[in-house]
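Chain naming here is simple, since letters A, B, ... match the order of the sequence lines and numbering starts at 1 in each.
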Amino acid sequence: MNFETLAQTLDCGQCFRWSRLPDGSWEGVAGGRYVRLAGESLSRTLRDPFWARYFDLDRDYAGIRAQLSGLDPALAEAARFAPEIRILNQEPWEALCSFILSQCNNIGRIRGLVARLCRLYGEPIGGGHSAFPAPQALAALREEDLRAAGCGFRAPYVLDAAQKVASGELDLEKIQSLPLGSARAGLMCIRGVGPKVADCALLYGMHRLEAFPMDVWMKRTMRRMFPGKKPSWFGPYAGIAQQYLFHYSRNHPELFR
DNA sequence: GACCAGGTATTGC
DNA sequence: GCAATACATGGT
């Protein structure tokens with residue numbers, strides 16, 4: 001991975017806390033750490049164990065990409081469009097909460113909403129930046145607080161998720177170790193978490209690479225390019241295939257008209 | 001001002 | 001089971 005290809009990973013819809021500065025560098029917060037990524041400093045940052053894991057550096061994405069590309073020409077083309085996409089190791093709670101907020105919302109607004117929640121309820125980490133709010137912090141709020149922050153009808157969903165996680169009723173560590181179906185079912189006990197949000201939490205927050213979030217774009221894509229195929233057809237890296245296809249489709253909306 | 005945005009819960013058949 | 005509908009909010 002190099003600085004030129006960073007955008008493919010940070011701007012493909014899997015994360016909401018990164019932004020590009022006017023000078024072209026990226027800044028973001030993950031795991032309570034702020035970082036600015038510029039051409040010169042990138043390799044140094046990636047030597048830090050935390051960021052190496054965050055960017056999933058130990059995984060052979062070239063090999064996975066080749067394997068997926070062999071499955072189907074359309075998938076190969078999507079992979080060629082953004083070959084450097086990697087699935088980040090985001091925190092389980094942050095991914096779960098962020099994708100609860102994503103429903104019926106657009107990516108720009110999700111970023112703004114997440115930023116507001118972090119500023120209001122996240123732990124300050126210096127430099128005017130804040131960590132993602134802990135489940136305990138959000139569980140202590142009232143629904144109207146979350147509505148005031150702009151969550152809209154998702155406010156009770158966020159609250160229910162925060163309360164279940166903060167109380168230990170839902171143990172995200174435990175969820176991670178379950179078979180995919182059980183993990184999904186566990187997450188779907190939260191009000192406002194259906195199959196799509198559960199799969200996003202699993203893929204982006206718990207690195208379950210076989211999870212395949214099926215949003216409107218992926219429904220269109222599957223109908224158009226893979227009729228009759230199910231997510232499991234893509235195999236153990238279905239989630240990575242999903243990310244290639246999602247990003248490709250969003251950048252080629254004319255394919256669906 | 002309608003229309004849309006990485007859905008889900010509820011309702012009615 | 002499955003289609004229709006409500007749900008907040010801000011940007012085109």
Side-chain angles (χ1 to χ4, degrees), chain A residues 7-19 78 81-82 85-88 90 92 94-120 138 141-164 170 184-226 231 234 238-257:
Chain A
Q8 296 179 17
T9 289
L10 296 180
D11 201 25
C12 70
Q14 64 175 314
C15 52
F16 304 104
R17 296 214 67 195
W18 290 90
S19 48
F81 177 69
I85 284 180
R86 314 174 77 84
I87 302 296
L88 299 169
Q90 302 183 67
E94 175 172 343
L96 171 62
C97 189
S98 297
F99 280 93
I100 287 174
L101 295 169
S102 78
Q103 58 186 273
C104 227
N105 212 340
N106 63 58
I107 292 182
R109 282 198 65 225
I110 300 164
R111 282 214 288 267
L113 182 50
V114 168
R116 205 170 320 133
L117 288 177
C118 291
R119 194 170 60 244
L120 288 170
L138 297 184
L141 300 176
R142 298 163 306 169
E143 182 180 319
E144 55 195 281
D145 299 322
L146 290 166
R147 285 186 187 267
C151 293
F153 66 87
R154 311 163 196 87
Y157 300 166
V158 171
L159 199 53
D160 188 50
Q163 288 170 351
K164 286 194 164 83
L170 189 68
R184 243 172 149 228
L187 290 169
M188 285 169 60
C189 291
I190 299 167
R191 182 170 177 72
V193 175
K196 190 270 178 182
V197 171
D199 283 342
C200 285
L202 286 164
L203 176 60
Y204 304 123
M206 307 184 204
H207 222 67
R208 295 296 290 262
L209 299 179
E210 75 273 40
F212 193 96
M214 193 73 87
D215 75 316
V216 285
W217 286 99
M218 289 309 300
K219 284 176 185 163
R220 283 196 279 257
T221 304
M222 293 301 284
R223 213 172 27 244
R224 181 69 188 266
M225 303 184 192
F226 303 91
F234 294 96
I240 297 177
Q242 180 272 162
Q243 203 60 34
Y244 291 143
L245 292 167
F246 172 78
H247 187 57
Y248 180 79
S249 296
R250 260 177 44 90
N251 284 279
H252 297 83
E254 71 280 2
L255 291 175
F256 306 99
R257 268 179 262 162

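Atom pair A:F16:CZ and B:dA5:P shows a separation of 15 Å (rounding to whole Å applied). Counting to the nearest Å, the P atom of B:dG6 and the NZ atom of A:K219 are 14 Å from each other. A straight line from CZ of A:F99 to P of B:dA5 spans 17 Å, rounded to a whole angstrom. Protein atom CD of A:Q103 is 8 Å distant from nucleotide atom P of B:dG7, rounded to whole Å. For the pair A:K196 NZ and B:dG7 P, the computed distance is 5 Å after rounding to whole Å. The interatomic distance linking A:I100 (CD1) with B:dA9 (P) rounds to 10 Å, in whole Å.
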Pairs under 3.5 Å (N/O, protein and nucleotides 10-12 of chain B):
unit_1	atom_1	unit_2	atom_2	d
B:dT10	OP1	A:R191	NH1	3.3

Filtered N/O pairs between nucleotides 1-3 of chain B and protein, under 3.5 Å:
none

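The CG atom of A:L187 sits 11.0 Å away from the SG atom of A:C200 when rounded to the nearest 0.5 Å. Remark: A:S102 OG to A:K196 NZ distance equals 4.0 Å, nearest 0.5 Å. To the nearest 0.5 Å, the span separating CE on A:M225 from CE on A:M218 amounts to 8.5 Å.
Using C1' as the reference atom, B:dG6 and C:dC2 are 23 Å apart when rounded to the nearest Å. C:dG11 and B:dT8: their C1' atoms are spaced 23 Å apart (whole Å). Using atom P as the reference point in both C:dA4 and B:dC4, the two lie 16 Å apart (nearest Å).
Remark: side-chain polar atoms of A:Q103 are paired, donor with acceptor, to backbone N or O of A:I100 under 3.5 angstrom. A:N251 contributes a side-chain N or O that, together with a main-chain N or O of A:H247, makes up a donor-acceptor pair within less than 3.5 Å. Between the A:R184 side chain and the A:A198 main chain, no donor and acceptor come within less than 3.5 Å of each other. When atom types are taken as modelled, the side chain of A:Q14 and the backbone of A:T9 share a donor-acceptor pair closer than 3.5 angstrom. A donor-acceptor contact shorter than 3.5 Å links the side chain of A:R154 to the backbone of A:C104.
Of the residues in residues 244-257 of chain A, those with a non-hydrogen atom less than 4.0 angstrom from any atom of DNA chain B are A:F246, A:R250. Near-neighbour residues of DNA chain C inside residues 142-164 of chain A, defined by a heavy atom below 4.0 Å, number-ordered: A:R147, A:G152, A:F153, A:R154. Remark: A:P213, A:D215 in residues 207-215 of chain A come within less than 4.0 Å of DNA chain B through at least one heavy atom.
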- request: Using the salt bridge (Lys or Arg N to Asp or Glu O under 4.0 Å) rule, take A:D145 and A:R142 through it: C-alpha gap first, then chi angles, then the decisive distance, then the call.
  value: CA-CA 5 Å; A:D145 299 322; A:R142 298 163 306 169; 2.9 Å; yes
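Side-chain atoms of A:Q242 come within donor-acceptor range of the base of B:dG6, with a qualifying N/O pair under 3.5 Å.
Taking all atoms of both residues into account, the shortest heavy-atom contact from A:I85 to A:C12 is CD1-CB, 4.0 Å. For the pair A:Q90 and A:C15, the tightest heavy-atom approach, listed with the atom from each and the gap, is OE1-CB, 3.7 Å. Considering every non-hydrogen atom in both A:A78 and A:Y244, the closest pair reads CB-O, 3.8 Å. Nearest heavy atoms, A:I87 versus A:H207: O-CE1, 3.0 Å.
Nucleic acid contact class of A:G194 (heavy atoms, under 4.0 Å, all strands): sugar-phosphate only. Using a 4.0 Å heavy-atom distance criterion, A:Y204 is classed as a base contact.
A:F16 and A:F99 have their aromatic ring centers within a separation under 6.0 angstrom.
Close approach of DNA chain C to chain A, defined as any atom under 4.0 Å from a non-hydrogen atom of the protein, starts and stops at C:dC7 to C:dG10.
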